[in-house]
Amino acid sequence: MNIRENIMTQLAIKGGQRLREQPLPARRTMGEAEKQAVIEVMDSGELSGFFGSPGPQWLGGEKVQQFERKWADKYGYKHAISVNSWTTGLMTAVGAMGIGPGDEVIVSPYTMSASATSILFYGGIPMFADIDPDTFNITAATIESRITPRTKAIMVVHIFGQTAEMEAIMVLARKYNLKVMEDGAQSPGVKFKGKPICGFGDIGGFSLNYHKHIHTGEGGMLVTNDDQVALRCQLIRNHGENLVEVEPIEDLTNMLGSNYRLTEMQAAIGVAQLDRLDGYVAHRQRLAAHFGKQLAEIPGLTPAKLADGAEHAYYLYPVKYDASVTGISRRVFVQAVNAELPPVKVWEQTGFIEGYIKPLYFAPLYQKKIAIGREGYPWSVNTDVEYSYRKGICPVVERMYDKELIYTPLIREPLMESDIDDFVSAIKKVLANPKELLD
Ligand SMILES: *Cc1c(COP(=O)(O)O)cnc(C)c1O
């Protein structure tokens with residue numbers, strides 16, 4: 001039976017035959033170049049070149065510095081500073097911006113938790129701004145509505161891979177004298193209006209964890225065009241010890257430092273991985289165009305939309321789902337489509353997933369306002385302000401999470417257009433048989 005005939009048969013979730021039995025190809029990004037790079041470091045015996053104390057090695061070993069230079073040059077940033085995760089990268093960025101107790105930082109609640117917890121680590125207070133219902137990013141308008149006299153910075157997340165409207169956000173930031181940080185974890189290698197993201201604001205960067213476009217197991221890369229900001233990041237990454245030697249820095253805030261250093265083996269892998277990034281992004285953009293064209297013809301499903309001037313790296317592919325059009329609840333639709341696809345061995349082979357991340361402010365951390373210590377710090381710093389993370393503060397995010405958004409990771413290499421076609425057939429099969437799903 002071919003796939004077209006299968007569309008007319010019983011749904012797999014009801015005991016029918018799956019539309020596709022053949023497993024989806026597994027993603028594997030480590031190749032010969034990475035293997036050789038690791039062996040070379042192994043042979044040298046030098047697994048980390050860092051010293052915390054003053055001296056030429058305070059900026060790390062050969063591979064770390066090579067990786068940073070290569071990233072900066074390739075995408076046109078003045079500085080790149082590697083870190084051992086993007087979570088510690090975000091903390092470094094918040095620290096370097098001079099955020100302190102009681103400072104408010106505006107951020108999206110529809111993102112990975114660290115975009116906001118990094119603010120709390122320095123006593124900053126996350127202020128959640130709503131998203132645009134088409135791009136899922138915060139906008140200049142939603143950010144402006146959250147500005148108060150205590151606002152110090154904006155943390156812009158380029159979510160799912162689509163670049164946020166950085167020009168308008170920078171105009172706003174200048175008007176209110178705010179620092180701008182960019183979380184590009186899901187969108188490496190893309191531009192907004194021709195300029196690489198994470199180079200608009202004061203500081204930005206990317207994740208190198210296993211699930212991201214390119215990875216070093218764990219890791220992250222900060223980027224900035226500002227010399228002082230770069231120096232502050234380098235100091236925070238490496239215990240702040242070298243403060244006694246480097247050029248006097250203007251602002252000693254948050255210079256206590258830690259150890260967020262990447263190892264030589266990871267950096268060597270990163271050097272090789274970087275050569276793959278543009279190819280991955282181009283591949284995903286091709287798959288997304290192919291997928292989007294077909295989705296656009298299916299009533300009840302709205303494909304990802306690209307904003308004016310934006311690019312998309314497709315870490316994930318978001319789709320808006322309208323149950324009132326399809327006659328099938330979102331949950332049942334997702335389960336039924338997934339049942340048509342081969343069993344999932346790794347998360348990346350899942351068809352659809354509902355909702356994305358629960359709006360961050362619903363986490364106990366925000367609901368109970370217990371972050372550091374038991375006394376409500378850092379919210380307690382601003383004694384005259386009543387902070388509320390009640391339901392309803394970001395209605396678009398809540399609507400996307402509760403009702404409208406589904407997303408798929410089936411947009412990544414090594415999938416091909418034919419795999420996407422099977423996915424679309426699975427969607428069509430489910431939509432063609434709504435009655436079967438009623439009970
Ligand atoms: C993955 C991710 C992070 C965290 O990166 P790690 O390297 O896993 O610490 C932060 N923000 C966003 C948006 C992410 O997707």
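Worth knowing before you read on, the calculation uses all heavy atoms, side chains too, and leaves out hydrogens, waters and symmetry mates. Just so you know, ligand 1 is whichever comes first in the structure, and atom 1 is the first atom listed for that ligand. Because the structure is predicted, anything quoted here is derived from the model rather than measured. Along the sequence shown, the residues carry numbers beginning at 1.
When each atom of ligand 1 is checked for a heavy atom of Q186 under 4.0 Å away, the hits are 13 (C), 15 (O). Close contacts between ligand 1 and G219 involve ligand atoms 7 (O) [criterion: under 4.0 Å to a heavy atom]. The distance from ligand 1 to the heavy atoms of T111 drops below 4.0 Å at these ligand atoms: 13 (C). In the vicinity of V157, heavy-atom distances shorter than 4.0 Å reach the ligand 1 atoms 13 (C).
Taking 4.0 Å as the cut-off, S115 counts as a neighbour of ligand 1 on heavy-atom distance. Taking a 4.0 Å cut-off on heavy atoms, S113 fails to register as neighbouring ligand 1.
Among all protein heavy atoms, the one lying closest to atom 11 (N) of ligand 1 is D183 OD2, 2.8 Å. Looking from atom 8 (O) of ligand 1 to the surrounding protein, the closest heavy atom is N209 ND2, 2.8 Å. Among all non-hydrogen protein atoms, the one lying nearest atom 9 (O) of ligand 1 is T87 OG1, 2.5 Å. Of the protein's heavy atoms, S207 OG, 2.7 Å lies nearest to atom 7 (O) of ligand 1. Of the protein's non-hydrogen atoms, the one nearest atom 3 (C) of ligand 1 is M112 SD, 3.4 Å. Of all protein heavy atoms, the one closest to atom 2 (C) of ligand 1 is K212 NZ, 2.7 Å.
Between Y361 and Y389, the ring planes are parallel. Angles under 30° get that label, and only those over 60° would be called perpendicular. Note on ring orientation: taking the six-membered ring where Trp is involved, the planes of Y317 and Y314 are parallel (angle under 30°, cut-offs 30° and 60°).
Residues F128 and Y366 bring their aromatic ring centres within 6.0 Å. For an aromatic pair to be called close, the ring centres must be under 6.0 Å apart, and F333 with Y321 satisfies this.
Cation-pi geometry between R27 and Y280 is satisfied (NZ or CZ under 6.0 Å from the ring centre, within 45° of the ring normal). Annotation: cation-pi pair K212/Y315 present, NZ/CZ under 6.0 Å from the ring centroid and within 45° of its normal.
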For this session: Kindly indicate, with the supporting measurements, whether the criterion side-chain contact (heavy atoms from CB on, under 4.5 Å) is fulfilled by H213 and R412.
Result: CA-CA 9 Å; H213 286 70; R412 19 187 97 182; over 6 Å; no
For this session: I would like to know whether T216 and Q273 meet side-chain hydrogen bond (donor to acceptor under 3.5 Å, both in side chains); could you show each step before the answer?
Result: CA-CA 8 Å; T216 57; Q273 285 274 287; over 6 Å; no
